[in-house]
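Since we're looking at a predicted model, the values are computed, not measured. A note on names: the letters A, B, ... follow the listed sequences, proteins ahead of strands, and every chain is numbered from 1.
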Number of protein chains: 2
Amino acid sequence: MKVSTQSVQPLAPLMGGIFPAACPSRTVLDHVSSKWGVLILVALAQGPQRWSELRRRTEGISEKMLAQTLKTLEGDGFVHRDAQPIIPPRVDYSLTSRGLDLVALLIPLLEWINENAEDIVNGS
Amino acid sequence: MKVSTQSVQPLAPLMGGIFPAACPSRTVLDHVSSKWGVLILVALAQGPQRWSELRRRTEGISEKMLAQTLKTLEGDGFVHRDAQPIIPPRVDYSLTSRGLDLVALLIPLLEWINENAEDIVNGS
DNA sequence: TAAGGTACATACATGAAAGTAAGTACCCAA
DNA sequence: TTGGGTACTTACTTTCATGTATGTACCTTA
């Protein structure tokens, strides 16, 4: 196995901002890397969607977790909630510009993980 | 608040690989986004380090979690462990080339989070 | 000889995240 | 009038990640 010998770059500022135990960065990271956070974000990267579409698409999620995850993502300003006061109710969820910025960085990482995950878990 | 109206790109393959409940991708993502996983990885991005250096640098980590996190990262092939059979023991940890690939994608994301985290958590 | 350093392992406890199940309120189609 | 759809909320339970505490084995310095 190849081994890196050197550092990538000076990361001092990053270290200061991420290492403290209860920092904002940690909070945000926990939100997006929560069990369903990533899934919702990449689902919404495919375009605005309704509650029931997200629920069907995100296989295995419970209604509670869908509501909860959408709420924190909305609270963080990643997701926009558009509720139309009609009956039956119609609610559309979409990414905000901040959400788009985030997924733009998230997608390459997830693609890499997706491509390498099998090799990684079976140790090759 | 600005709202995106359209999808970013076709992400179909990603959806298939990440959405299943107990998929390899999920496992790997959980490993790297675990409470201490990211920290250890960016710490090692600054160059090879010894156990005690990592322990001091990663403020607040317990020895149990350091050992555990290093083991899973080593098991995933992100981290290389070099133990010299001397007394007192000397063990150097470093990123593998796979680990380097990963942090190369991780760093931009973490920098973005670090820059925006404060605005995000206090809702502005 | 007592304290502190190296690098861990292991048993037990806790707490937060996630799951389960049920309820709400309204409408429509069979 | 029974079942299904819209979009949720709430109470309770379980599971798993993480924390705490202590032990190991050897060496060096005060």
Listed pairs, N/O of protein and of nucleotides 18-22 of chain C, under 3.5 Å:
unit_1 : atom_1 : unit_2 : atom_2 : d
C/dA18 : OP1    : A/K35  : N      : 2.9
C/dG19 : OP1    : A/K35  : NZ     : 2.8
C/dG19 : OP2    : A/W36  : NE1    : 2.9
C/dG19 : N7     : A/K64  : NZ     : 3.0
C/dG19 : O6     : A/K64  : NZ     : 2.4

Listed nucleotide nearest any side-chain atom of B/I87, set D/dC27, C/dA9, C/dA7: D/dC27

Whole-Å distance separating the CZ atom of B/R90 from the C1' atom of D/dC26: 18 Å

Closest to side chain of A/V91, choosing from C/dT6, D/dT6, D/dA7: D/dA7

Residue from B/Q49, B/Q84, B/H80 passing side chain to side chain contact (heavy atoms under 4.5 Å, CB included) with B/D92: B/Q84

Short side-chain N/O contact from A/S52 to OP1 or OP2 of D/dG5, under 4.0 Å: no

Side-chain N,O (B/R50) to OP1/OP2 (C/dT6) below 4.0 Å: no

4.5 Å side-chain heavy-atom contact, B/L109 and A/L102: yes

From CA spacing to verdict: side-chain contact (heavy atoms from CB on, under 4.5 Å), B/V32, B/F78: CA-CA 10 Å; B/V32 333; B/F78 295 131; 4.1 Å; yes

Phosphate OP1/OP2 of C/dG5 contacted by B/R55 side-chain N/O (<4.0 Å): no

Close side-chain approach of A/Q68 to A/M65, heavy-atom, < 4.5 Å: yes

Student check: side-chain heavy atoms of A/R57 and A/L39 closer than 4.5 Å: no

